Amino acid sequence: MERLNRTFFERAPETVAKELLGHILVRKTKEGVIKGTIIETEAYGDINDLASHARFGITPRNKIMHELPGILYVYLNYGIFNLTNIICEKTGKAGAVLLRSAEIIEGLEIASSHLKSSKHVKANEFLATGPGKLSIAFGIDRAFNGLDIVSSDQISIEIPKNTTGEFDIIEKPRIGIDYADKSKDLPWRFYIDGNQYISKK
DNA sequence: ACATGGATTCGCT
DNA sequence: GCGAATCCATGTT
């Protein structure tokens with residue numbers, strides 16, 4: 001399979017978020033390879049997006065959102081979960097895509113063992129459904145912050161060989177950002193229509 | 001130095 | 001539908 005390159009991520013987050021659907025997240029661990037089809041994403045913008053960490057301008061935490069497109073932004077949410085994002089836009093302009101849900105298609109047992117050793121999630125058949133669970137299932141923590149998904153040998157995104165997999169894309173407001181005032185209704189959550197691995201209805 | 005609250009998930013009411 | 005778990009980035013004093 002061919003992996004996504006820098007150019008893919010060097011665009012607006014809402015474009016990247018939409019186009020990532022159906023691509024394959026590949027994670028190489030010591031135990032083996034985990035692969036999953038990306039089912040759901042959200043886009044986060046720059047200082048003008050009141051739901052984005054970039055809304056405060058450049059701070060120590062969100063500095064990375066202004067850096068190289070294709071690197072990972074992983075942060076701790078609610079003191080409990082690591083959330084996985086990929087940086088978008090040209091260097092200097094903030095933007096990121098949150099990976100919210102995936103359907104695991106390879107390495108089910110490894111992903112399952114990750115969930116079982118985690119205190120706050122249930123290890124059911126929906127291993128990577130929801131951004132917190134996705135990060136656990138794929139073994140992504142804050143040590144991955146700044147890692148380059150374009151060149152890393154631990155993690156990559158690949159273009160599926162079978163391009164016959166057509167699907168409809170649903171665009172909806174983002175989850176869990178009611179505080180975001182005028183930005184909260186932006187249709188920047190994207191998911192594959194009818195797919196059962198959606199984080200929320 | 002302190003107070004606030006969150007890009008979640010699960011279990012109980 | 002609601003609240004707890006749990007911690008650190010950010011804004012305020």
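We name chains A, B, ... by the order of the sequence lines, and we start the count at 1 in each one. This is a predicted model, so every value here is computed, not measured.
Using a 3.5 Å distance cut-off with no hydrogens or angles, the side chains of A:S199 and A:E40 do pair a donor with an acceptor. Residues A:E31 and A:T29 bring a donor and an acceptor atom of their side chains to less than 3.5 Å of each other.
Each of B:dC10, B:dG6, C:dA5 was ranked by its minimum atom distance to the side chain of A:V121; first place goes to B:dC10. Between C:dC8, B:dA7, C:dT6, one nucleotide has an atom nearer to the side chain of A:R142 than all others, and that is C:dC8. Considering only the side chain of A:N62, C:dT10 comes nearest among B:dA7, C:dA5, C:dT10. Side-chain proximity of A:Y73 to the nucleotides C:dA5, B:dA7, B:dC10 is greatest for B:dA7.
Rounded to the nearest Å, the gap between the P atom of B:dC12 and that of C:dT6 is 16 Å. For the P atoms, the distance from C:dG11 to B:dA7 is 13 Å, rounded to whole Å.
Atom P of nucleotide B:dT8 and atom CZ of A:R174 are separated by 12 Å, given to the nearest angstrom. Atom CG in A:D141 sits roughly 15 Å away from atom P in C:dC7 (whole-Å rounding). One atom, CG of A:N77, and another, C1' of B:dT4, lie 15 Å apart when rounded to the nearest Å. Across the protein-nucleic acid pair, A:Y75 atom OH and C:dT10 atom P stand 11 Å apart, rounded to whole Å.
In this structure, A:R61 reaches the C:dT10 phosphate: one of its side-chain N or O atoms is under 4.0 Å from OP1 or OP2. Side-chain N/O atoms of A:K200 include none lying less than 4.0 angstrom from OP1 or OP2 on B:dT9. A sub-4.0 Å separation between OP1 or OP2 of C:dT10 and a side-chain N or O of A:T59 is present. Remark: A:H53 is in phosphate contact with B:dA7, judged by side-chain N or O atoms under 4.0 Å from OP1 or OP2. OP1 or OP2 of B:dT8 has at least one side-chain nitrogen or oxygen of A:R100 nearer than 4.0 Å. Put simply, A:K119 has no side-chain N or O that comes within less than 4.0 Å of OP1 or OP2 on B:dT9.
A cation-pi geometry, defined here as NZ or CZ lying under 6.0 Å from the six-membered ring centre and within 45° of its normal, holds between A:R174 and A:Y44. Taking the centre and axis of the six-membered ring of A:F8, the NZ or CZ atom of A:R6 falls outside the cone set by 45° and 6.0 Å.
Residue ring and base: A:Y78 counts as stacked with B:dT8 (centre distance below 5.5 Å, interplanar angle below 30°). Here A:Y179 does not lie in a stacked arrangement on the base of B:dG6, lacking the combination of planes under 30° and ring centres under 5.5 Å apart.
A distance-only check finds no donor-acceptor pair linking the side chain of A:R100 to the backbone of A:L134 [under 3.5 Å].
Between A:K122 and A:A51, the residue anchored closer to the 5' end of DNA chain B is A:A51, taking for each the nucleotide with the nearest heavy atom.
Across all strands, A:I80 comes closer than 4.0 Å to base atoms (heavy-atom distances). If you check every strand for non-hydrogen atoms under 4.0 Å, A:R189 touches nothing. If you check every strand for non-hydrogen atoms under 4.0 Å, A:L98 touches a base.
Nucleotide B:dA1 forms a pair with C:dT12, judged by Watson-Crick or G-U wobble geometry with both contacts under 3.5 Å. When both pairing distances are held under 3.5 Å, B:dC10 makes a Watson-Crick or G-U pair with C:dG3.
Rounding to the nearest 0.5 Å places OH of A:Y179 at 12.5 Å from NZ of A:K184.
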